[in-house]
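So the structure is just underneath, and the comments pick up after that.
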Amino acid sequence: MGTNEWHIEQRSSFGTESPLSRDSGNAPETGSLSIVVLGASGDLAKKKTFPALFHLYRQGFLPTDEVHIFGYARTKISDGELRNRLHSYLAPAKDASAELLGDVSKFLQLIKYVSGSYDSEDGFRLLDKEISEHESLKSSAEGSSRRLFYLALPPSVYPSVCKMIKTCCMNKSDLGGWTRVVVEKPFGKDLASAEELSTEIGMLFEEPQIYRIDHYLGKELVQNLLVLRFANRMFLPLWNRDNIDNVQIVFREDFGTEGRGGYFDQYGIIRDIIQNHLLQVLCLVAMEKPVSLKPEHIRDEKVKVLESVLPISDDEVVLGQYEGYRDDPTVPDESNTPTFATVILRIHNERWEGVPFILKAGKALNSRKAEIRVQFKDVPGDIFKCKKQGRNEFVIRLQPLEAIYMKLTVKQPGLEMSTVQSELDLSYGQRYQGVTIPEAYERLILDTIRGDQQHFVRRDELKASWQIFTPLLHRIDKGEFKPIPYKPGSRGPKEADQLLEKAGYVQTHGYIWIPPTL
Ligand SMILES: NC(=O)C1=CN([C@@H]2O[C@H](COP(=O)(O)OP(=O)(O)OC[C@H]3O[C@@H](n4cnc5c(N)ncnc54)[C@H](OP(=O)(O)O)[C@@H]3O)[C@@H](O)[C@H]2O)C=CC1
Ligand SMILES: O=C1O[C@H](COP(=O)(O)O)[C@@H](O)[C@H](O)[C@H]1O
């Protein structure tokens, strides 16, 4: 094999399982599959859900003799109008080849739109009729139907929508097949509301039918975390408090809440990003090795980590709000909502006692990226006097430009015996040339069809995650904890950098990793 050749396992046919999901024990299924996108008129549906379905269709995972897709919402539009709305999201003008346009047009023909409300039976009875017609058209064995309901909706309507699905739209389960519901975040606003929502939905569906989606769990390098940690001998002895000084999990966006200020202001950055996306990543970084890759084994370990997190200390939190945030007419003039937060979590167990996990997220900052930064301790008895050049850091760049790199000290090439910071670099764009990295939503929807809950949040995980943040969130909601103003396009409040330093993070001066270009 040449250096630039790399064997990529093809995802061969619908229903086959990836090596890493084999343990889930799900057999490939066939028969009619109805995918219903509720909230089809909305932002998430057009930007993420339908494009993900289209990509799955193009790769052969949604065969036309089995699949039909339904959009459902209150807006009164025709099938054609929904298809027109979706067109530009499926085929952006810049790369609209004839082949792509042909595929878009075939895919759009699979979509039917049904209009109805979220709390009355009429619309859902009509939806059920349409689904049943499709099921009989696809001539599957009676009842062996699969029905997937994707709630691309505000959480306020989850209970009524779930009730309507349960009352009107379930498959005939005694004859085979299944009904599953996918629910989006934010799942609740605090511990009590999340538990209430869980109880309401739990009375209608069993846990194996509920897929609480967190799209960070579908990102390529998040999915790589367990492989990196548990399939590489060199990390096993290093991954603990004896060697690691601190861990940072960082999310930065270089734009504000444009167009979503009304939604955002009710939630803030902790509920929008930290309590879900970053905490899920923390679980995968910190958890013990699961017994197997079975979803329940993995999720059991994640829950143990969450339950070992100590109460957050006030002096380990910095909140910020970017200047101009309140100019949005949908944001109240006196809003106390943080658009930036650094929060240090401490895990009280044998592996991590004393190691700060620094979770940082912010909008309207100077760059867009998400990464995990594992910083090792200084070398004891350093004979090279290179301490000041920087510590070893293992960095997992989730986006953009996926990469894994290890910052390390090497001899400066040349005649002198001097040291310099450098890196071992696995940049995906360079190493896996020509490989398309699937979108998070694409993988996760495929998992829901396959019945693999490994990358979805279980009810007890959700509860434990709200337990961690609820006391802090309540104090912020009451105005007892104020965000510090920061300039849009900056690094956020300087107090956040000071907290980082206090927590033990040592910045490497005079060295910066530059993503390699092809
Ligand atoms: N947009 C994004 O990037 C992301 C969104 N999410 C989550 O996905 C879900 C959907 O998000 P998004 O598409 O942005 O939301 P939208 O605000 O676009 O709402 C989706 C659809 O729901 C209906 N709707 C809106 N408000 C209400 C209401 N108050 N009561 C009943 N129906 C309503 C509307 O359809 P109609 O009026 O036609 O019925 C709308 O088209 C949310 O839970 C969100 O938090 C998660 C991650 C990212
Ligand atoms: O869930 C959310 O995520 C997006 C960021 O997602 P990414 O995949 O682009 O990193 C964020 O913009 C949004 O506020 C939040 O609700």
Side-chain angles (χ1 to χ4, degrees), residues 153-159 183-201 212 214 249 251 253 256-280 282 306-307 309-346 357-365 457 459 461-486 488 492-493 495-496 499:
L153 287 165
S156 54
V157 295
Y158 291 173
V183 287
E184 268 291 347
K185 57 150 271 251
F187 201 84
K189 283 194 86 176
D190 60 5
L191 179 59
S193 57
E195 274 293 283
E196 197 183 319
L197 198 51
S198 289
T199 304
E200 281 180 277
I201 297 180
R212 295 179 197 85
D214 182 314
I249 304 172
F251 166 96
E253 266 181 351
T257 56
E258 286 98 7
R260 293 181 77 215
Y263 150 80
F264 188 88
D265 199 69
Q266 292 173 44
Y267 290 91
I269 198 76
I270 295 178
R271 291 182 177 101
D272 193 44
I273 302 289
I274 297 183
Q275 175 270 340
N276 34 67
H277 303 327
L278 300 196
L279 197 58
Q280 284 295 323
L282 175 144
L306 294 171
E307 289 184 341
V309 172
L310 294 173
I312 297 167
S313 161
D314 277 4
D315 58 358
E316 298 204 310
V317 177
V318 171
L319 305 178
Q321 187 185 79
Y322 67 84
E323 291 167 8
Y325 167 71
R326 299 179 196 176
D327 296 347
D328 181 331
T330 59
V331 171
D333 292 344
E334 300 305 316
S335 171
N336 193 39
T337 301
T339 58
F340 174 99
T342 296
V343 179
I344 297 182
L345 297 188
R346 303 212 171 242
F357 280 75
I358 305 155
L359 307 189
K360 178 156 94 178
K363 299 226 170 228
L365 297 178
V457 181
R459 180 174 173 173
E461 262 182 270
L462 182 79
K463 181 176 178 191
S465 66
W466 279 118
Q467 253 154 355
I468 295 170
F469 286 102
T470 296
L472 172 64
L473 288 166
H474 282 174
R475 294 198 50 208
I476 299 171
D477 293 346
K478 283 191 213 143
E480 292 170 14
F481 217 125
K482 299 268 184 220
I484 302 163
Y486 63 93
E495 287 80 351
L499 177 60

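Just the heavy atoms: all of them, side chains too, but no hydrogens, waters or symmetry mates, feed the values below.
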Mind checking the [atom1]-[atom2] spacing from [X] to [Y]? Nearest 0.5 Å is all I need.
| X | Y | atom1 | atom2 | answer |
| --- | --- | --- | --- | --- |
| E253 | D272 | CD | CG | 8.0 Å |
| K363 | Y322 | NZ | OH | 8.0 Å |
| R326 | D333 | CZ | CG | 8.0 Å |
| K482 | N336 | NZ | CG | 4.5 Å |
| I468 | K463 | CD1 | NZ | 13.0 Å |
| W466 | L279 | CH2 | CG | 10.5 Å |

Any carboxylate oxygen within less than 4.0 angstrom of a Lys/Arg side-chain nitrogen, looking at [X] and [Y]?
| X | Y | value |
| --- | --- | --- |
| D477 | K189 | no |
| R212 | E461 | no |
| R459 | E195 | yes |

| said: Under the criterion side chain to side chain contact (heavy atoms under 4.5 Å, CB included), I'd like the reasoning laid out for F357 against I344: C-alpha separation, chi angles, the key distance, then a yes or no. | reply: CA-CA 6 Å; F357 280 75; I344 297 182; over 6 Å; no
For [X] against [Y], the heavy-atom pair lying closest together:
| X | Y | result |
| --- | --- | --- |
| A464 | L306 | CB-CB, 3.7 Å |
| V318 | E495 | CG2-O, 3.7 Å |
| L282 | L359 | CD1-CD2, 4.0 Å |
| A496 | T342 | CB-OG1, 3.6 Å |
| P155 | Y267 | CG-OH, 4.3 Å |
| L499 | V317 | CD2-N, 3.9 Å |

Could you tell me whether the side chain of [X] and the main chain of [Y] form a donor-acceptor pair under 3.5 Å?
| X | Y | result |
| --- | --- | --- |
| Q467 | L462 | no |
| T337 | D265 | yes |
| E316 | D314 | no |

| task | I would like to know whether F264 and T330 meet side chain to side chain contact (heavy atoms under 4.5 Å, CB included); could you show each step before the answer? | result | CA-CA 10 Å; F264 188 88; T330 59; over 6 Å; no
| Below 4.5 Å, heavy atoms only, C-beta onward: do I201 and F187 meet side chain to side chain? | yes
| query | Taking side chain as C-beta onward, heavy atoms only, is Q321 less than 4.5 Å from P338? | reply | no
| message | Between Y486 and F340 (judged by ring centroids, cut-off 6.0 Å), do the two rings come close enough to count as a pair? | response |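 Yes, close enough.
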| request: Could you tell me whether the side chains of Q275 and S465 share a donor-acceptor contact shorter than 3.5 Å? | output: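 Yes, a side-chain donor-acceptor pair sits under 3.5 Å.
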| message | Run K185 and H277 through side chain to side chain contact (heavy atoms under 4.5 Å, CB included) and show every step you take. | response | CA-CA 10 Å; K185 57 150 271 251; H277 303 327; 3.6 Å; yes
| task | Could you walk me through whether Q280 and V457 pass side chain to side chain contact (heavy atoms under 4.5 Å, CB included), step by step? | result | CA-CA 9 Å; Q280 284 295 323; V457 181; 3.6 Å; yes
| field | Set of residues satisfying side chain to side chain contact (heavy atoms under 4.5 Å, CB included) with respect to R260, sequence neighbours excluded | value | Y263
| request: Might you work through the salt bridge (charged side-chain N to carboxylate O under 4.0 Å, His left out) test for R271 and D190, ending with a clear yes or no? | output: CA-CA 9 Å; R271 291 182 177 101; D190 60 5; 5.6 Å; no
| field | Identified side-chain contact (heavy atoms from CB on, under 4.5 Å) counterpart of F469 within the set I274, L191, I476 | value |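 Answer after filtering I274, L191, I476: I274.
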| Exceeds 12 heavy-atom contacts within 6.0 angstrom, atom CD of E334 |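 For E334, atom CD is not crowded (no more than 12 foreign heavy atoms under 6.0 Å).
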